[in-house]
Enquirer: 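What follows is a structure written as structure tokens; I'll ask about it next.
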Number of protein chains: 2
Amino acid sequence: MVNINDIAKQAGVAKSTVSRYLNNGSVSEDTRRKIEKIIKETGYKPNAFARSLKAQKTNMLGVIIPRLNSASTNEVLQGIDETARKLGYQLIITNSDQNNEREFENLQTLAKQKVEGIIMFAREMTEDHINTVKSVETPVLFIGQKAEGIHSMVHQDYEAGTKIGKYALELGHRHFLYVGVPETDQAVGVERRQGFIDRVTAVTGTTIERVETDFSRTAAYTKGLTFLKETEATYIVCATDNIAVAVLKAANELNYSIPGDFSLSGFGGYEATAYVSPTITTVSYPYRQMGIEAVNKLRQLIEKEEVPLITDLQNNLVVNESTAPFK
Amino acid sequence: MVNINDIAKQAGVAKSTVSRYLNNGSVSEDTRRKIEKIIKETGYKPNAFARSLKAQKTNMLGVIIPRLNSASTNEVLQGIDETARKLGYQLIITNSDQNNEREFENLQTLAKQKVEGIIMFAREMTEDHINTVKSVETPVLFIGQKAEGIHSMVHQDYEAGTKIGKYALELGHRHFLYVGVPETDQAVGVERRQGFIDRVTAVTGTTIERVETDFSRTAAYTKGLTFLKETEATYIVCATDNIAVAVLKAANELNYSIPGDFSLSGFGGYEATAYVSPTITTVSYPYRQMGIEAVNKLRQLIEKEEVPLITDLQNNLVVNESTAPFK
DNA sequence: TTGTAAGCGTTATCAG
DNA sequence: CTGATAACGCTTACAA
């Protein structure tokens with residue numbers, strides 16, 4: 001591997017001169033040409049590690065995601081990627097496979113690699129999470145969940161829940177089935193649901209049945225095959241669009257009409273809700289925007305600027321074909 | 001930031017002893033305890049850069065993907081991630097935004113960072129691509145496209161095309177519409193299509209109309225709204241599952257029945273094809289497997305083992321509800 | 001403008 | 001088993 005010394009020697013100058021050429025470029029026209037020529041010939045590339053070692057800066061951002069096949073995550077990632085690029089950061093994306101241990105591991109690894117900041121897509125917030133984050137000196141920004149004393153960006157999940165609740169009530173529905181996810185996910189499993197429940201139970205004579213599933217389509221589909229036959233509800237609220245898509249498939253299978261027999265809605269605003277039929281009513285979240293703002297906020301954190309602990313982003317109801325007035 | 005020197009000083013030993021403890025651990029029970037204690041107290045983490053600088057090894061693999069929101073890419077990525085992890089590699093994933101310039105840029109950046117190998121998801125293979133790859137000394141493995149003298153993993157796209165052709169002919173169809181993508185993508189735009197065409201035109205009395213779109217759902221949907229009304233075909237072959245899903249939506253919109261009015265199929269085997277109705281006939285590609293084998297092959301390349309230039313992976317027809325016999 | 005030399009945090013070598 | 005010392009490739013005072 002050719003290094004700065006080789007270039008210096010071949011060009012007949014000191015390596016510091018080459019370095020200067022590489023960085024601020026303040027060298028004489030003559031040496032500039034000589035160096036340029038040699039670099040071209042040899043295909044020399046400065047070693048990024050040596051550079052980071054010296055400069056104590058890596059220009060890298062770490063991102064920890066729970067899984068690679070999540071539509072929402074990918075949209076946020078696009079925002080992150082785009083913004084990081086603009087700001088001159090290189091991204092290291094690591095996958096934790098929905099596993100707490102691996103989340104901690106990745107956090108440590110990234111810290112060791114001296115990334116300047118870390119964005120972590122949080123699924124849950126345990127004591128261990130909070131402690132690990134506090135133990136690394138790298139700034140960490142959580143996306144999706146909040147916790148005491150930790151910087152985070154979150155969606156207005158409670159409000160999203162109330163939006164669906166309000167809308168469903170206005171359609172005249174009174175009996176609901178809520179298809180939720182585990183409460184370990186505070187934002188999606190608890191707040192989103194609670195917003196819905198609070199809004200609906202504010203009206204007398206309403207009922208809410210509950211079913212719990214996970215984030216996968218297959219699980220929701222399988223459970224849907226059962227609960228659709230047993231429920232008394234006329235409106236089914238799914239905690240995510242993926243779940244809604246899966247329940248819709250189950251309903252089709254069982255020859256139920258949506259929205260004839262049941263109204264159905266999700267949360268998220270994934271592209272998929274627009275490519276099934278009927279198209280699914282949902283609450284659209286500003287995923288890409290979240291990525292953009294996350295990087296900006298992280299940059300401020302890195303530069304030790306003052307930033308609010310929690311930033312939350314608004315969402316909005318998107319009415320599609322899967323919901324209809326109660327009759 | 002606490003470093004190996006601090007630890008050494010506090011433990012009252014030489015930094016080389018600490019280093020030895022860190023690496024092969026061959027130190028006396030006594031010093032081991034002392035060092036362990038200090039490390040715990042200080043939360044010391046060895047600096048990965050200094051380490052890489054010295055060891056001339058980074059244990060990192062670079063991955064260049066064209067976009068973040070592709071279902072197939074993400075599946076391959078899962079295979080890559082899983083295998084890389086098993087082999088002790090750390091992943092750097094970079095996004096090129098379907099832009100050649102950025103592909104070259106990323107290639108350079110990764111090489112500079114001294115990743116040990118690079119996996120590149122190729123969209124097209126230009127002279128420039130080939131030259132850039134040959135100019136870096138880092139081993140590069142292409143996924144999805146092949147070229148003279150370049151290591152790559154590809155799907156049997158031509159064969160996939162013939163499989164659909166054979167199947168459609170067996171159903172009795174003779175008039176086809178092929179919804180393709182640009183020929184810059186040799187594998188998907190040319191070979192997949194050619195396999196289909198060759199198989200179908202082997203039978204006399206067949207016709208194939210052609211339409212071209214891109215990889216996005218929206219474009220395919222919009223075009224579908226038009227070509228569905230104009231075509232003479234009874235079977236529509238879409239170059240990807242995404243296109244098929246979008247065309248299905250357009251067909252629904254126009255009140256055509258699938259497979260009553262048109263049979264419809266895609267390529268890829270994405271999860272989405274199973275969550276629309278009717279479910280879509282497709283050719284399932286072993287994406288995850290491709291990721292796994294890619295990393296294994298790249299590792300061999302890195303270790304300078306002998307490997308075949310091109311590896312191709314089989315796929316298989318998955319018959320679903322969107323296709324029916326011609327009547 | 002250019003060169004010398006020190007140092008970034010590690011690991012490896014080689015005496016002791 | 002342990003410690004001094006020389007690298008690894010680069011940047012940056014400081015001096016010339």
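Letters A, B, ... mirror the listed sequences (proteins, then strands); counts begin at 1. Remember, it's a predicted structure, so these values are computed and weren't measured experimentally.
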Enquirer: So does Arg67(B) pair up with Asp214(B), basic N to acidic O under 4.0 Å?
Expert: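 Salt bridge absent between Arg67(B) and Asp214(B).
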
Enquirer: Would you state whether a donor and an acceptor, one from the side chain of Lys54(B) and one from the base of dG9(C), lie under 3.5 Å apart?
Expert: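 It does not, because no donor-acceptor pair links the side chain of Lys54(B) to the base of dG9(C) below 3.5 Å.
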
Enquirer: Nearest whole angstrom, please: distance from the P of dC8(D) to the NZ of Lys114(B).
Expert: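 Atom NZ in Lys114(B) sits about 14 Å away from atom P in dC8(D).
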
Enquirer: With the threshold set at 4.0 Å, does a side-chain nitrogen-carboxylate oxygen contact exist between Glu29(B) and Arg33(B)?
Expert: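 Counted as a salt bridge, because a side-chain N and a carboxylate O are separated by less than 4.0 Å.
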
Enquirer: With sugar-phosphate meaning primed atoms plus P, OP1 and OP2, does Ser28(A) contact a base, only sugar-phosphate, or nothing at under 4.0 Å between heavy atoms?
Expert: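 Sugar-phosphate: the residue Ser28(A), judged by heavy atoms under 4.0 Å, touches backbone atoms but no base.
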
Enquirer: What is the separation between atom CZ on Arg32(A) and atom C1' on dT2(C), rounded to the nearest whole Å?
Expert: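 Whole-Å distance recorded here is 15 Å.
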
Enquirer: Report the distance from atom CZ of Phe49(B) to atom C1' of dA7(D), rounded to the nearest whole Å.
Expert: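 Going from Phe49(B) (CZ) to dA7(D) (C1'), I get 20 Å.
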
Enquirer: Distance check needed: dC8(D) P versus Asn3(A) CG, whole Å only.
Expert: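 Spelled out: CG on Asn3(A) to P on dC8(D) is 8 Å.
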
Enquirer: Name the nucleic acid region contacted by Lys45(B), choosing base, sugar-phosphate or nothing; use a 4.0 angstrom heavy-atom cut-off, strictly under.
Expert: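 The residue Lys45(B) makes sugar-phosphate contact but no base contact.
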
Enquirer: Does Ser52(A) reach a base, just sugar-phosphate, or nothing at all? Heavy atoms under 4.0 Å.
Expert: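 It contacts nothing in the nucleic acid.
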
Enquirer: Taking only N and O in the side chain of Ser16(A), is any of them less than 4.0 Å away from OP1 or OP2 of dT12(D)?
Expert: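 Checking dT12(D) against Ser16(A), no side-chain N or O comes under 4.0 Å of OP1 or OP2.
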
Enquirer: Using whole Å, report how far NZ of Lys57(B) lies from C1' of dT10(C).
Expert: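 For the pair Lys57(B) NZ and dT10(C) C1', the rounded distance is 16 Å.
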
Enquirer: Quick one: which of dT2(C), dC10(D), dT2(D) gets closest to the side chain of Ile4(A)?
Expert: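 Selected nucleotide: dC10(D).
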
Enquirer: Is any NZ, NE, NH1 or NH2 atom of the basic residue among Glu305(A) and Arg299(A) found under 4.0 Å from an Asp or Glu carboxylate oxygen of the other?
Expert: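 Here Glu305(A) pairs with Arg299(A) in a salt bridge, since their nearest N and O are under 4.0 Å apart.
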
Enquirer: Is the number of heavy atoms from other residues, nucleotides or ligands within 6.0 Å of CD (Glu41(B)) greater than 12?
Expert: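 Result for CD/Glu41(B): enclosed.
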
Enquirer: Using heavy atoms to find the nearest nucleotide of DNA chain D for Gly12(B) and Val2(A) separately, return the residue whose nucleotide is more 5′.
Expert: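 The residue mapped nearer the 5' terminus is Gly12(B).
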
Enquirer: On DNA chain C, check which nucleotide each of Asn47(B) and Arg20(B) is closest to and give me the residue with the more 5' one.
Expert: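 Counting from the 5' end, the first nearest nucleotide belongs to Asn47(B).
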
Enquirer: Rounded to whole Å, how long is the line connecting atom CG of Asp6(B) with atom P of dC8(C)?
Expert: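 It is 11 Å, rounded to the nearest whole Å.
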
Enquirer: What I want to check is whether an N or O donor and acceptor connect the side chain of Lys15(B) with the base of dT10(C) at under 3.5 Å.
Expert: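 Present.
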
Enquirer: On the nucleotide dT10(C), are OP1 or OP2 found under 4.0 Å from the side-chain N or O atoms that Tyr21(B) carries?
Expert: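 Looking at the OP1 and OP2 atoms of dT10(C), neither is under 4.0 Å from any side-chain N or O of Tyr21(B).
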
Enquirer: Within less than 4.0 Å of OP1 or OP2 of dG9(D), is there a side-chain N or O belonging to Gln56(B)?
Expert: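 Gln56(B) to dG9(D) OP1/OP2: side-chain N or O found under 4.0 Å.
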
Enquirer: Indicate the ring-plane relationship of Phe104(B) and His129(B), choosing parallel, tilted or perpendicular according to the 30° and 60° boundaries.
Expert: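 Plane angle over 60°, so perpendicular.
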
Enquirer: Would you indicate, yes or no, if dG3(D) has its OP1 or OP2 atom less than 4.0 angstrom from a side-chain nitrogen or oxygen of Thr17(B)?
Expert: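 Yes, within the criterion.
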
Enquirer: Using a 4.0 Å heavy-atom cut-off, does Asn23(A) contact any base of the nucleic acid, only the sugar-phosphate backbone, or nothing at all?
Expert: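 The residue Asn23(A) makes sugar-phosphate contact but no base contact.
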
Enquirer: When the distance from CG of Asn5(A) to P of dT4(C) is rounded to whole Å, what number comes out?
Expert: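 Rounded to the whole Å, the gap is 12 Å.
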
Enquirer: How long is the straight-line distance from CG of Asn95(A) back to CD of Glu103(A), given to the nearest 0.5 Å?
Expert: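 Those atoms lie 10.0 Å apart.
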
Enquirer: Would you mind reading off the distance between Ile7(B) atom CD1 and dT2(D) atom P, rounded to a whole angstrom?
Expert: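 Going from Ile7(B) (CD1) to dT2(D) (P), I get 17 Å.
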
